[in-house]
Amino acid sequence: MKKVAILGPSTFSEEATRHFLKDDFIYISYKLISEVFNATVAGETDLSVIPIENTLEGSVHLHVDWLVHEVNLPIRAEWVFPIDMNLIGFANKEGQDEGSNPYQHIRKVLSHHVVPAQCSRFMKKYLSGAEFEQVSSTAEGVRLVSALQDPAVAAIGTAIASTNYGVPMLEKEIQDHKDNMTRFLLVGEEAPELPTSADRKTTILVTLPEDYPGALHQVLSAFAWRRINLSKIESKPTKKKLGTYYFYIDIADSLDSVLLPSAIQEIEAIGCQVRILGSYPSYSYIS
Ligand SMILES: O=C(O)C(=O)Cc1ccccc1
């Protein structure tokens with residue numbers, strides 16, 4: 001059985017991966033996302049799971065940066081999974097005045113850095129007096145709250161972390177939107193066996209030639225006149241020189257298709273550098 005590195009245990013990554021890959025893989029948990037990437041680079045695992053984008057926040061830039069700059073692992077699949085955020089901690093001690101806010105006693109909230117933007121309304125209403133502290137995963141936050149046993153410190157994480165670490169669930173589904181989704185990527189040298197999917201995607205990075213007016217327009221027109229759909233385009237700093245960017249482009253087509261390779265050739269012909277991050281099946285959420 002293939003081994004899959006995940007941020008975990010008891011994280012959203014674990015929930016999402018178990019839902020998608022079921023029991024056909026062995027899951028190995030790592031505390032840091034850098035360890036999740038490096039496990040597959042080092043050959044400890046065959047694949048790594050990366051949360052890459054959220055409905056409310058957009059790309060998880062730190063993870064995109066790792067994928068682009070730190071490792072060279074092809075994308076093998078993507079899927080989306082709904083994320084229900086929960087406030088996990090200890091209730092106010094009896095006799096303490098709560099006023100209208102039952103969470104006024106919470107002074108610090110521990111969670112993963114992508115979480116506050118997804119629960120901003122709840123946090124503004126009930127946790128405005130609390131400081132947010134970033135930890136390596138939502139589960140790590142719950143683990144720390146369990147170790148501290150202090151009602152002033154709470155976490156935001158999965159229902160399973162609340163059960164596994166024995167910290168009460170104070171409030172369920174505190175995310176701003178009911179259908180809060182996260183997109184996950186499976187990356188690794190070898191393509192795993194997965195159910196077939198009608199949807200295929202290809203992700204490329206394009207660096208434009210310098211001093212070439214209209215280069216981006218030409219890149220886009222190479223896709224446009226072939227009627228190839230792009231599902232995302234984002235400019236990101238190259239990190240080499242201030243003001244230089246590459247474009248991260250998701251294409252709703254396979255590299256095996258007739259038209260996409262010729263579109264890429266056309267883009268290269270005008271002097272763009274193209275790096276293919278992967279051509280892979282895409283799965284929408286099936287409950
Ligand atoms: O920390 C976790 O639980 C993760 O898996 C990362 C994450 C955090 C919030 C939404 C989706 C994934």
Between E171 and Y126: side-chain donor-acceptor atoms closer than 3.5 Å: no
Separation between CG of L186 and CZ of F184, rounded to the nearest 0.5 Å: 11.5 Å
Presence of salt bridge, D46 and R76, under 4.0 angstrom: no
Smallest separation among heavy atoms of I50 and V36, with atom names: CD1-CG1, 4.2 Å
H69 and Y246 aromatic ring geometry - parallel, tilted or perpendicular at 30°/60° bounds: perpendicular
ILVMFWY cluster, V68 and I52 together (side-chain gap under 4.5 Å): yes
H63 side chain vs P51 backbone, donor-acceptor pair below 3.5 Å: yes
Connected via hydrophobic side-chain network under 4.5 Å: Y283 and L277: no
Closest approach of L67 to R275 (non-hydrogen atoms, all atoms of both residues): O-NH2, 3.6 Å
Candidate list K232, R200, K201, test salt bridge (charged side-chain N to carboxylate O under 4.0 Å, His left out), partner E78, passing option: K201
is_close_aromatic(Y285, H19), centroid dist under 6.0 Å: yes
Gap separating the CG atom of L87 from the CD1 atom of I174, nearest 0.5 angstrom: 5.0 Å
Geometric class of the F20/W79 ring pair [parallel <30°, tilted 30-60°, perpendicular >60°]: parallel
From I156 atom CD1 to L170 atom CG, the distance as rounded to the nearest 0.5 Å: 10.5 Å
Exceeds 12 heavy-atom contacts within 6.0 angstrom, atom NZ of K125: no
Ionic contact status for D253 with R226, cut-off 4.0 Å: no
Lys/Arg-Asp/Glu bridge criterion (N-O < 4.0 Å) met for K178, E173: yes
Heavy-atom pair of closest approach, residues S10 and T158: O-OG1, 2.7 Å
Heavy-atom pair of closest approach, residues F12 and D84: CE2-O, 3.3 Å
Nearest atoms (heavy-atom pairs only) where Y212 meets I270: CE1-O, 3.6 Å
Main-chain N/O of S137 paired with T11 side-chain donor or acceptor, under 3.5 Å: no
